[in-house]
Amino acid sequence: MSRWSIYRNAGGAPTMVAVCDSLEYHDEWMGDCYVSVTVKSDHAIDFQLSDYIYYRGEFFFIGNDPNVVKKAKTSIENGERKGKYGEGFVYENIKLYSEGSRLAAIGFKDYVLNWNSASNQNVYSSLGTFSFFAGSIDDLADRLQANLDRVDNGQWKVFTPDYIRTNQRISDMSDFYSYYNGYESYGENDINIDVDKQSCRDILKYSYEKFGLSYYIKGKNIIIGGMDISVSHIFRYGKNNGLYEIERSCDEAQELVTKVYAYGSDTNMPPNYYANIGKRIKFTIAHKTEREIIMNNPMLLMWVRTPFIPASQLYRAFSPTFSCTITCGGTSITAHVSGDTFTYADEKEDPTFDHDTKYMFFWLQSNDVGARAFYDSVQAGSSVYVTGVNINKIPDTFIELPQNNNYPALLAINRLMLPGFPYTSLHDYVAGNEDLSVLLSKYVFSKDPQDPWIMSRNYLEAGVMEGTVVYDGQKQKEIYPSIENTNFNFVAEGSHVEDNGYVNDGGTFTIKLGVYQNAGMNWKKAFDERLSGDTMVISMNTGWCVGRDFEVTKVEENATYILNGNTYLAYELTLQRVEDEEGRWLPHNQCQIQTGDKYVVSGIQMPAEYIEAAARKMLIAACGWLDRRDHMRYTYLPKIDEIYMARQHDQAEEGKSYHDILRAGMRLQIEDTDLGIERYNGNGNTAPFIDILTIKENGNNGIPTYDVVLRDEKEKGALEKLAESIEDLKKDTESMMERQKHPTRDRTYEEWDPNGLYYYQTLNPEPDPVTGIVYIETSYVWHNGKLWMCLRTLTTEEPKFGCHDWKCMMVGGIDEYEMRFLDANEVPYSDIIQTKPGYVNLFISPIVLWGNEDITEMADSWQWHKYYVDEDADPSEMNSSGMVEDIGWGMEHTEREIMLTDEDMPTAWGRLNPVIFECVATFEDVEIEIARKVGFA
Amino acid sequence: MDKWRNFYLQKMEGSNNPVKESVAAWGIYCKDIPFKLFDKVKAPAKRTWNDEHGDDEYISSDGLYLEAYTMRVEFGCKKMDNPTSVTDVRVKVGDFLKYLRTSGHLKMYSSHTKIGRQYVRLESISDSAKWKSDESGEYLIFEVTLKVNDPVTDITYDNSNLTVQA
């Protein structure tokens with residue numbers, strides 16, 4: 001039988017306000033956490049909102065003025081109010097809330113970290129209705145921290161798995177390792193968040209809803225994405241096993257689907273697109289010169305260009321007009337297309353050359369990777385396939401049809417379909433793609449080319465339950481042909497707008513985009529050949545202009561460039577500026593589109609390769625969608641045996657009893673062969689979460705009872721479910737990839753390798769081994785006990801003090817500089833050394849440490865200063881300690897080591913007239929000064 | 001009557017409350033008091049497993065806890081040989097019961113059983129009071145039920161004080 005006291009801090013020691021015999025603890029995963037108590041008293045108690053209970057190591061504060069029932073009167077005796085009946089005043093179910101509940105009372109406004117600092121360059125408005133872009137969970141955490149600091153400066157700490165970003169928010173990182181296994185970065189998520197008069201608690205929930213990272217709050221520490229913690233015991237039914245009853249119930253609101261029809265969006269879809277799927281443009285090599293391959297297809301240039309160029313002009317137009325991809329024998333190369341009736345000397349001697357015919361020329365530039373090999377591989381008569389050209393404008397003579405080229409003549413579909421449609425059945429498509437064939441063991445695919453569907457093998461048990469999913473941006477995130485997640489969907493050169501955006505007419509600006517040479521994408525062609533009425537739009541996914549759509553008014557093809565060994569085709573796009581809600585035109589000089597910002601393009605017709613890629617993406621997403629619906633989801637209600645819990649509590653070490661450490665969000669491992677619950681797989685990470693935990697102290701004859709509700713995933717409210725469906729695509733895809741926690745590439749920091757390749761905000765051409773995506777990357781390495789961030793791509797410099805290619809990320813307090821004084825015997829001296837007056841003979845050798853690294857030798861200059869007491873000196877010459885500096889002495893002491901003797905001391909120095917010597921080391925390269933004093937008195 | 005032993009009471013709330021011996025204070029003799037150290041133990045937390053015999057009970061390392069208990073004590077008040085004797089008995093018994101009622105928690109000690117307890121309070125009075133005579137005279141015998149809220153702590157009478165036994 002335990003009792004709890006309610007205390008009040010009214011200055012001085014806490015005073016006890018009331019005592020209660022019963023207490024109920026309620027903890028909901030990412031929800032409310034409170035204790036509920038009933039107080040019975042013989043007199044009325046004036047509870048205050050700051051009154052608190054300390055329970056399980058946390059403070060809980062009264063949330064509301066509690067309800068009270070009066071059952072007896074009180075009287076005044078000897079000036080003191082006395083009750084007539086011990087339970088005369090009953091305060092039932094007083095709720096005392098955890099610290100985390102206070103987040104609901106803190107508004108989330110448009111503030112950024114260090115918003116009140118002069119060094120802050122981030123734009124903010126302080127309004128309660130605004131939008132912001134979160135490239136990662138840390139961007140959200142930064143804004144949370146800014147708002148919490150605004151109200152309760154320094155009290156709250158928002159932790160995320162990224163040590164460096166967390167350390168930028170909070171200085172005391174001592175708790176970090178108790179929440180996380182190590183350094184992690186969660187990469188980019190690119191989420192735009194609209195805020196409308198919400199609280200910090202509302203926004204904190206987005207960490208789970210939008211970023212898939214759960215959180216919990218311990219005191220005033222907010223831990224986002226903390227490591228999964230499982231209760232080590234595996235709960236089973238039976239005496240001393242932990243459970244006395246297990247109830248399993250299914251989610252009746254769940255939609256059970258075993259067969260799904262999936263459709264995509266119509267964005268960027270060419271009309272009648274499926275008519276061209278499987279078709280290939282095939283030419284025959286007519287002739288090849290030293291630099292040119294000439295096709296046997298007269299007037300081709302007229303067919304592929306828009307606007308139409310009259311044949312008469314072709315004789316005068318000899319310059320590359322656009323790029324495309326040509327393939328021969330499995331080798332692909334980017335070619336530049338032109339046309340003319342040039343006659344070379346060797347051609348004159350070629351009897352097969354027809355001088356009266358205009359030819360299409362595919363130019364292979366000598367600096368193209370593989371150009372020479374490709375050139376060597378083709379001969380006159382070779383078949384060459386061309387992509388990146390509008391196939392609708394190519395005569396049928398040059399079109400190679402797919403083998404099974406038949407589909408209903410009246411078929412009219414304008415949106416993305418599953419891959420293979422309408423020529424190849426989904427089953428054959430999956431079976432024919434090695435990377436997809438693993439799906440065959442888990443799903444049944446349609447064998448009708450014009451009726452694609454996916455069926456879970458669970459249909460054998462659950463029957464055929466049909467469902468439809470449409471990835472059109474309504475309920476599901478849109479899927480359409482796009483350059484998103486390619487290795488070139490970033491801006492090669494950003495905007496350079498000079499004005500501040502407050503102009504009458506924004507006008508236009510330019511940016512440059514690069515396209516990986518074999519990507520089959522040509523922005524100029526896409527712009528020129530967009531459908532009538534369509535507007536080509538660049539939508540920024542990251543950066544300062546995230547969420548903004550810019551209309552493209554002009555596209556120019558520039559020279560190619562090489563980055564990290566890859567050749568890129570360069571395009572200069574002229575875009576129309578847009579006006580924001582405050583009447584400011586974007587971009588402006590404080591808010592530019594920057595190199596590396598990601599974008600997507602709409603309003604164009606994407607090449608067939610991108611349509612197929614989108615269809616494959618939809619196939620994966622639909623399989624994931626089905627995975628989440630092809631079986632009943634269960635809620636588990638295990639009844640925890642409090643007698644087992646009481647016994648383990650007696651045997652547990654202090655602070656390790658489940659009574660003290662259980663909390664919502666932990667995984668509880670339960671197992672029952674009769675009910676088919678096999679939650680524990682040996683690694684502990686498949687156990688369900690504790691959704692709600694209730695502890696009733698003294699619930700059973702003096703010992704606590706426990707109620708838990710377990711879930712596979714967090715249940716959401718109606719609005720949250722709507723938001724979830726929008727984000728379903730991400731989860732579906734992740735479900736397929738079995739990457740529930742890491743939506744993008746994880747990054748671990750390895751030791752610096754002298755032969756390693758390191759990057760600074762630059763494309764790392766090495767694709768991620770898991771996702772296959774090529775990332776823009778900034779490298780981090782460990783070296784000499786410090787974490788370093790690369791500042792120059794492909795640097796070979798060793799990370800060390802003063803190295804400009806690396807920046808020390810100042811972790812764990814190692815950014816502290818320290819000067820120590822050593823004498824000849826390396827005995828450190830304290831700041832104040834008391835010696836007998838009249839006798840000074842001291843050799844001082846200063847060293848400077850940066851963390852654990854001795855950087856003494858890297859100091860650019862040394863300067864000693866001597867300060868002493870001179871009562872006759874002009875007060876204006878005195879420092880704050882009332883001492884004056886012997887400037888002449890200082891000018892003579894600019895070496896590191898000095899020997900102090902009586903000659904260095906002023907006359908009449910002593911206890912009342914102390915002398916202080918200060919050594920200053922300057923490291924101009926990194927603009928720091930480190931100083932230390934030694935005193936004599 | 002001479003076999004009857006002393007019965008001591010002391011009010012617990014406040015300080016310096018006098019120890020009262022019932023005969024000296026009110027002329028009330030303790031006729032019969034049970035030798036009762038405690039009564040029931042509190043039921044420990046238990047679980048009855050449907051698929052096992054018996055119960056599974058949790059007993060903490062402190063052992064079993066005791067429930068509060070009641071004891072019925074017979075008191076007697078001698079009727080004097082004078083015209084107002086019944087009235088005298090009425091007053092003495094009334095004063096004694098008033099003391100029990102208004103004092104709240106008490107310490108008590110019986111020299112007969114050598115049992116003393118604290119946090120003892122008046123629970124009830126029996127309605128079966130009766131007159132009884134022996135060689136020493138006539139007595140009103142009445143029964144009082146006392147509730148012992150602390151069935152563990154021993155109280156002893158020592159040098160006119162009721163003290164907690166170490």
Side-chain angles (χ1 to χ4, degrees), chain A residues 1-3 21-22 42-43 72 75 77-80 82-88 235-247 638-654 657-659 672-675 695-707, chain B residues 11-18 38-70 97-107 117-125 145-153:
Chain A
M1 183 78 178
S2 303
R3 286 185 151 192
D21 293 332
S22 64
D42 64 335
H43 62 279
S75 62
E77 292 178 14
N78 300 325
E80 219 177 296
K82 289 240 174 184
K84 295 289 186 185
Y85 174 53
E87 299 181 3
F235 286 77
R236 301 182 182 89
Y237 171 85
K239 185 177 175 181
N240 291 329
N241 287 332
L243 300 180
Y244 68 89
E245 199 175 295
I246 309 171
E247 179 183 337
K639 302 285 180 61
I640 291 183
D641 178 17
E642 60 270 21
I643 293 178
Y644 161 79
M645 293 293 277
R647 288 184 180 133
Q648 66 80 31
H649 182 77
D650 291 345
Q651 295 164 4
E653 295 176 29
E654 188 174 351
S657 162
Y658 297 149
H659 171 271
D672 192 276
T673 51
D674 293 331
L675 295 181
I695 302 176
K696 291 178 184 170
E697 294 288 349
N698 300 330
N700 180 359
N701 288 337
I703 64 173
T705 58
Y706 304 80
D707 290 321
Chain B
K11 183 179 175 180
M12 291 185 72
E13 187 179 351
S15 56
N16 301 320
N17 293 316
F38 55 84
D39 196 338
K40 294 179 181 175
V41 297
K42 287 187 175 177
K46 74 166 186 181
R47 164 129 297 109
T48 299
W49 295 93
N50 293 326
D51 40 17
E52 291 199 19
H53 297 292
D55 287 338
D56 180 22
E57 292 188 335
Y58 170 75
I59 299 174
S60 78
S61 56
D62 294 336
L64 295 165
Y65 292 98
L66 300 177
E67 287 190 352
Y69 65 92
T70 58
L97 293 178
K98 182 182 179 184
Y99 176 82
L100 291 177
R101 180 178 63 80
T102 59
S103 296
H105 279 136
L106 297 160
K107 289 178 184 173
R117 287 286 179 256
Q118 62 178 357
Y119 292 102
V120 178
R121 69 166 173 85
L122 174 66
E123 172 79 8
S124 65
I125 303 165
T145 301
L146 300 174
K147 185 184 180 203
V148 181
N149 283 313
D150 180 354
V152 176
T153 307

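Protein chains get the first letters and strands the later ones, always in sequence-line order, with residue 1 at the start of each.
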Checklist entry - Any chance OH of B/Tyr69 has more than 12 other-residue heavy atoms, nucleotides or ligands included, within less than 6.0 Å? => result yes

Checklist entry - Is any side-chain heavy atom of B/Glu57 less than 4.5 Å from a side-chain heavy atom of A/Ile643? => result no

Checklist entry - Between A/Tyr237 and B/Asp51, does any side-chain donor sit less than 3.5 Å from a side-chain acceptor? => result yes

Next on the checklist: Applying side-chain hydrogen bond (donor to acceptor under 3.5 Å, both in side chains), can you list everything that pairs with A/Lys239, at least two apart in sequence or on another chain?
Outcome noted: none

Checklist outcome for this item: d(B/Lys46 NZ, A/Asn701 CG) to nearest 0.5 Å is 9.0 Å

Next on the checklist: Counting only heavy atoms not in B/Tyr99 (residues, nucleotides, ligands), do more than 12 fall under 6.0 Å from its OH?
Outcome noted: yes

Checklist entry - What is the distance from atom OG of B/Ser60 to atom CZ of A/Arg647, rounded to the nearest 0.5 Å? => result 11.5 Å

Checklist outcome for this item: Hits for side-chain hydrogen bond (donor to acceptor under 3.5 Å, both in side chains) against B/Tyr58, two or more places apart or cross-chain, chain-then-number order -> A/Asp650

Next on the checklist: For a quick test of reading the model, state the closest non-hydrogen atom pair linking A/Leu243 to B/Trp49 and the distance between them.
Outcome noted: O-CH2, 3.3 Å

